[in-house]
Every structure is written in structure tokens, then in C-alpha cells.
Amino acid sequence: MRTLVVLPTFNERENIEEVLQRVRASVPEAEVLVVDDASPDGTADAAEATAAELGRIGVIRRGGKGGLGSAYRHGFAHGMEAGFEIMVEMDSDLSHDPAALPALLAAVEQGADLSIGSRYVPGGAIPDWRWHRRLLSRWGNRYASVVLGLAVRDATSGYRAYRSEMLQRIDLASVHADGYAFQIEMAYRVVGEQGRVVEVPISFVDRIRGTSKMSGRIVVEALGLVTWWGLRDRILRRKKR
Ligand SMILES: Nc1nc2c(ncn2[C@@H]2O[C@H](COP(=O)(O)OP(=O)(O)OP(=O)(O)O)[C@@H](O)[C@H]2O)c(=O)[nH]1
Ligand SMILES: [Mg+2]
């Protein structure tokens, strides 16, 4: 199936060349689209230099930092227009090992509408995290799963592959969440469309180069939105019936 790997970047100059090389080595037939938000460190220039060397890599330059969710929506819209059948989400900081791509793609090729690189299925791991970060992520996922009735163990994972037909059924323009909430919302929408979700074990390693854009605001956004969606869909709607 024709595959597009979408890589959002904000200040990933030190990582982007290696990410692109390893993605190409892992899935040589896939095309790649870098969505850069005017990174001050010149990530887009570095990506274009590697693209000229490797070929079949596009670079979109957006005007300013618009957030992860918005970068993916932008990349997916391009991919759908170009007729790609599978669309991959992957961080550009090497936390997501490109070697896991064939397993993610195979799950979609075998019928999944969404395959998630999961830290919380047997074989999944987060070797670098201290206990408090593990606790926050694990319980955040448990909370989302209970409040939304979502049978997904790692709904916040940002390493995943979508069947494009499923993305077409979801109205991407109506997805406004960013960060972790974007990941949860997308999984929730796929399940809402009766889509099949498969979790493939991954090991998530901390970035070695560059700085994290994760923030407390993104965690609060996720908790707030999950609570709202749960109230809206499971309590308010039930009352109306
Ligand atoms: N285009 C774009 N990319 C972004 C933006 N924010 C983050 N990214 C990219 O999204 C990916 C994930 O961001 P990270 O900062 O690594 O966040 P994280 O992986 O949740 O957090 P860490 O575990 O601390 O690394 C990276 O490739 C970033 O460069 C943004 O506003 N626009
Ligand atoms: Mg990261």
C-alpha cells in the first residue's frame, strides 16, 4: 500500500537527517513529508538538504509554531490529496525507532484501520523513564480508557499508522486538539467509526539531542478534553435517550 510517513518538526536540526536516513532504510518504498513550523534552528533547510540526497521526501514550511495536532492535520490533508493509502505519525526526535515501521504498516495491511505503537502491551517498554513519568502516562491512559470507554492501552502514543480511508471518514477539520489530546481524540474517533485498532509493542526511548516541546499545558489540555468528551458522550447523550 502507498505509504506516507509524516514527520512534524520544531527545532529538530540535530535529529532530522538521521531520522530521514533511518526511515528510508527501514521502509524504502515509503514517501516522507516533513512538516516544519518555521523552526528557528533551520530544521527545514537541513531536511531539504537530506531530501535532495535521498529523494521522495517533501518538506512543508509553515509560517509559525502551530502545534503537533495542526501539523499532522496539515500533512494528512496533503497525503490524502496525493492518494496515499497509509499515513504514519512519528516523532522526529528518534524516540520512535524507525525499525518498528514495518510492523506498524503490516498491521494496517492486514486489516487494521489504525495501528498504534504501544508501550503498554506485552513487549512494549519505556526504558528511560523514572517512576513519576511512568505513573503520569500510565494513569493518564487508564483515565482516558475508563472515561471514554476506549479499549486502547496506549491512546497517547504518537507513533502510529492510519488507513487513509479511515482518516477520510473522520472530519479532520473538526479535530482541534493538540499534543496528547490529539492522539486520544484520533483514536476515539476511529473507534467511533467502528474502526479496528491494533496495538503493536514499541520501546519508547528518550531523545538524546534537542529539547522537548512537551509541556504541562499539553497534559492539562488532555485531561480537560477527555473529561469533557466523556461527559458529553456518555452522560449528557444518555440522558437525552
Ligand atoms: N511542526 C511542529 N512540530 C512540533 C510542534 N511541537 C512539537 N513538534 C514535533 O513533534 C514531535 C514530538 O515533540 P516532543 O517535543 O519530542 O514531545 P514529546 O515526544 O511528547 O515529549 P518528550 O518525551 O519530552 O520528547 C517532535 O518531532 C517535535 O519536533 C509544533 O508546534 N509544530
Ligand atoms: Mg519526543
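Note that this is a predicted model, so its numbers are computed, not measured. Order of listing sets the numbers, starting from 1, for every ligand and every atom in it.
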* Return yes when at least one N/O/S atom of D93 is nearer than 2.8 Å to the Mg ion (ligand 2), and no when none is. => yes
List the closest protein heavy-atom neighbour of [atom]: residue, atom name, distance to the nearest 0.1 Å.
atom                    : answer
atom 4 (C) of ligand 1  : F10 CB, 3.9 Å
atom 15 (O) of ligand 1 : K213 N, 2.5 Å
atom 10 (O) of ligand 1 : L68 CD1, 3.0 Å
atom 32 (N) of ligand 1 : D37 OD2, 2.7 Å
atom 13 (O) of ligand 1 : R207 NH2, 4.4 Å
atom 1 (N) of ligand 1  : V35 O, 3.0 Å
atom 9 (C) of ligand 1  : P8 O, 3.6 Å

* Asked: Would you say S95 contacts ligand 1, with heavy atoms under 4.0 Å as the rule?
  -> no
Determine, for [X] against [Y], whether the closest basic-nitrogen to carboxylate-oxygen distance falls under 4.0 angstrom.
X    : Y    : value
R61  : D36  : no
E53  : R24  : no
R133 : D128 : no

* Asked: Would you say F76 and V59 are hydrophobically clustered, going by side-chain heavy atoms of ILVMFWY under 4.5 Å?
  -> no
* Asked: Evaluating non-hydrogen atoms only, which member of M214, E12, R133 is closest to atom 23 (O) of ligand 1?
  -> R133
* Heavy-atom proximity to atom 27 (O) of ligand 1, best of A38, S70, S92, G210 -> S92
* Considering only heavy atoms, does H96 approach ligand 1 within less than 4.0 Å through its side chain, its backbone, both, or neither? -> neither
* Asked: ligand 1 versus A71, non-hydrogen atoms closer than 4.0 Å: side chain, backbone, both, neither?
  -> side chain
* Asked: CG of D93 to OG of S212: how many Å apart, nearest 0.5 Å?
  -> 8.0 Å
* Asked: Considering distance alone, does some N or O of D91 sit under 3.5 Å from an N or O of ligand 1?
  -> yes
* Aromatic ring pairing F182/Y72, orientation class (parallel under 30°, perpendicular over 60°, tilted between) -> parallel
* Structure fact -> On a heavy-atom basis, the closest approach of I202 and S157 is CD1-OG, 4.5 Å
